[in-house]
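Structure record follows, encoded as structure tokens.
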Amino acid sequence: MASSFGVCRLHMRGWGSLAKSFPKTEACFQRKFGTNAAAAQAEVPRKEEIEEKAAPKPFIDVQAERQEQAERSVLISCQSKTNEKKFLKLLSKHGDIKKYFYYESYGTYAVVEFANKESIASLLEATAIPSVNHESTVPFKSRLLSLRGSGPAEQSRLQCEPQTTIPINELIQRLSREESVDRQVTSLTEAYQLTEENVHLRFLVCSLVKDIAAAYFPECIIRPFGSSVNGFGKLGCDLDMFLDLDGISGRNIKVPKTGLSLEYQMKRASSERAVTQSILSVIGECVDQFGPGCVGVQKILNARCPLVRFAHQPSGFQCDLTANNRVAMKSTELLYLYGALDQRVRCMVFTVRCWARAHGITSSIPGAWITNFSLTVMVLFFLQRRSPPIIPTLDHLQELAGPGDKSVIEGNDCTFVSDFSKIQLHNNTETLEQLLREFFEFYGSFAFTKMSINIRKGKEQNKPEVAPLHIQNPFEPSLNVSKNVNGTQLERFVALCQESSWLLQQSDISTPRGGSEGQTPVPWGLATLLLPSQVAVIKGRKKRKREPASERIKSLLESLKNKNQQKKS
């Protein structure tokens, strides 16, 4: 389910860790929400400069801060004409409110963050159970509340701003108004990336689900992973959650060799997979029967990675809950690290993903398409192959790791450095326009028939298996993350790369084109790459004789020129 999430109003002090980790996100937020943030920045320029130059926070620290923030937050269903002043006065009786915002998803909701966790306990003590037949109400108390009562008749409706990604046609128009390809790329990233409040809500939903799981495992943690937290998430993306039981106390207690000691009596299962299936089955049932707002629960326990899938209506998120998925958590951390090392990494990933979706290279439906994860790895590999490289190889990150970074999961070495200050980057000054053009050139002529992509080594290697596209899993080297991709889809990807590379080299397409004021701007640069392609759909893997790519692209160019002339006349 795509998120139908929209922000109505925002009142915030400070920013939060994720925004500080990505300066582009912070800049976008300041432009979007007016002069107050800009004025605050002007008042303390030295402090902001210091923060901008400071190394990003380690992934584990950002996660911990977000989880703690979520524990101090509640989600409240409101009426669209709620009297905000009275609403905040009611909540303030229980403690200082640090941040709050409204959004829409099957109704109007408020996310309220208190300064202290004690305020949550006070608020819940003053919250009533619905006045309906007690036998028909499941008495499960959570931090998902409903506001009752109405405001004055003259109270105006809250003005909501949509927080889903903008339609592709609107995006093309926005990009066409930019002054350079670099600005187009950053503008696309700003339009598609997760907002501060969206990230806050994702952690809060995880915290609400944790309250359900805590009935069985009081010390458990439910952590978001994947696109929600790796820095490459697009508005409306699914919420992947990981039930983490590793922190339960008693695991690391040393049993004395002599004398008496105690241990818990526990049931045993035939395998770790069987334990995971049992746990998810029970928690999935609880989410289905007792979780407010959780609908469409599916227990998919026989998959390679067992999971519980459901829709969380109050947030609009489609959720996947897994357990025993530690490698996925390390992959999330690795992508977060790469994205925080250089802002061009995130910009390139967002742009390539958007381009791929516009041309049907990727799809939300499972199949033979290239996945977003595979595309992201391909971008990282390309950036490692620059001269000098923009990001280091995974092997180099492993060499920089300290004792605290050691991580071995199911026999796979998942170790890499987490301290950003230990990573020294090369002085690569290539622009986003250069990188985008070179990306399409690189993969338009890549030897996919012979070579494999490997970000651990940062160089091509001979393919270990017969598959159209081979991308080595960073932490499970024996796995090909693109094994699902067939020859037809790979050929389409290569043909589109060749076409896009050629288009970016044409001066009349790669430079801004002025248009009359008030009229629809003429697409150019990156915007042109998002238009429907002239690349023929390849129906089979059998090669057919086609006209040269240059002729087909020339035909596209002539078509665009004719359209422009018709508009002028």
Side-chain angles (χ1 to χ4, degrees), residues 21-28 30-31 49 52-53 56 171-193 231-232 234 335 337-356 358 375-393 420 423-446 455 458 496-514 521-531 553 557:
S21 300
F22 302 123
K24 277 291 175 187
T25 309
E26 184 173 3
C28 172
Q30 291 173 349
R31 282 194 293 274
E49 288 173 7
E52 187 174 347
K53 293 178 181 178
L171 176 66
I172 289 173
Q173 291 183 27
R174 178 185 296 190
L175 299 182
S176 299
R177 295 188 181 97
E178 297 293 352
E179 299 177 353
S180 67
V181 173
D182 279 49
R183 268 304 306 160
Q184 288 182 327
V185 173
T186 54
S187 180
L188 183 151
T189 304
E190 291 165 358
Y192 270 34
Q193 66 189 356
F232 302 108
K234 184 179 76 169
L335 293 189
L337 183 144
Y338 275 131
L341 282 176
D342 190 302
Q343 65 183 16
R344 291 173 293 180
V345 177
R346 296 181 65 245
C347 288
M348 284 292 295
V349 169
F350 272 100
T351 302
V352 171
R353 281 186 176 186
C354 180
W355 166 83
L375 271 180
T376 302
V377 176
M378 292 173 80
V379 172
L380 297 178
F381 181 74
F382 163 75
L383 296 176
Q384 290 175 338
R385 300 289 290 146
R386 305 312 296 152
S387 181
I390 292 177
I391 54 175
T393 65
F420 284 86
I423 305 172
Q424 299 296 320
L425 299 177
H426 295 280
N427 185 27
N428 181 299
T429 58
E430 290 178 290
T431 65
L432 288 168
E433 180 177 1
Q434 289 175 297
L435 292 174
L436 192 61
R437 186 172 62 248
E438 293 288 338
F439 173 86
F440 292 125
E441 246 182 67
F442 182 80
Y443 284 112
S445 59
F446 190 85
I455 64 170
L496 285 163
C497 282
Q498 292 171 349
E499 178 186 67
S500 298
S501 172
W502 192 89
L503 286 171
L504 285 176
Q505 295 177 42
Q506 306 312 302
S507 59
D508 53 346
I509 289 181
S510 61
T511 54
R513 304 186 217 173
V522 180
W524 71 277
L526 174 58
T528 306
L529 303 190
L530 303 181
L531 294 171
I553 297 170
L557 185 57

Quick one: are [X] and [Y] in side-chain contact, heavy atoms under 4.5 Å?
X: L436; Y: L432; result: no
X: L530; Y: L171; result: yes
X: V181; Y: W524; result: yes
X: F381; Y: Y443; result: yes
X: L380; Y: L335; result: yes
X: V185; Y: R344; result: no
X: E179; Y: Q184; result: no
X: L341; Y: P56; result: no

Go through it in stages, so that I can follow the logic: the residues are L337 and I423, the test is side-chain contact (heavy atoms from CB on, under 4.5 Å), and I'd like the CA-CA distance, side-chain angles, deciding distance and then a yes or no. CA-CA 10 Å; L337 183 144; I423 305 172; 4.1 Å; yes
Let me know which of V379, T189, L383 forms a side chain to side chain contact (heavy atoms under 4.5 Å, CB included) with V349.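 Testing V349 for a side chain to side chain contact (heavy atoms under 4.5 Å, CB included) against V379, T189, L383 leaves exactly one candidate, V379.
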May I ask you to decide if [Y]'s main-chain N or O and [X]'s side chain share a donor-acceptor pair within less than 3.5 Å?
X: Q434; Y: T431; result: yes
X: E433; Y: D182; result: no
X: E430; Y: L435; result: no

For [X] versus [Y], what's the shortest heavy-atom pair and its separation?
X: L375; Y: A356; answer: CD1-CB, 3.4 Å
X: A527; Y: L175; answer: CB-CB, 4.1 Å
X: P389; Y: N428; answer: O-CB, 4.4 Å

Distance from [X] atom [atom1] to [Y] atom [atom2], nearest 0.5 Å?
X: L503; Y: I509; atom1: CG; atom2: CD1; value: 5.0 Å
X: R385; Y: F446; atom1: CZ; atom2: CZ; value: 8.0 Å
X: L425; Y: I391; atom1: CG; atom2: CD1; value: 9.5 Å
X: R177; Y: S187; atom1: CZ; atom2: OG; value: 10.5 Å

Are side-chain N/O atoms of [X] and [Y] paired as donor and acceptor at under 3.5 Å?
X: R353; Y: T376; result: yes
X: Q193; Y: R346; result: yes
X: Q384; Y: T393; result: no
X: Q505; Y: S501; result: yes

Can you list the steps and then say if S180 with R183 is a side chain to side chain donor-acceptor pair (under 3.5 Å)? CA-CA 5 Å; S180 67; R183 268 304 306 160; over 6 Å; no
What's the verdict on side-chain contact (heavy atoms from CB on, under 4.5 Å) for E441 and Q498, showing C-alpha distance, side-chain angles and the deciding distance? CA-CA 6 Å; E441 246 182 67; Q498 292 171 349; over 6 Å; no
I'd like to know whether the aromatic ring centres of F442 and F382 sit less than 6.0 Å apart in this structure.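 Ring centroids of F442 and F382 are less than 6.0 Å from each other.
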Is the F440-W355 ring centre distance short of 6.0 angstrom?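 Yes.
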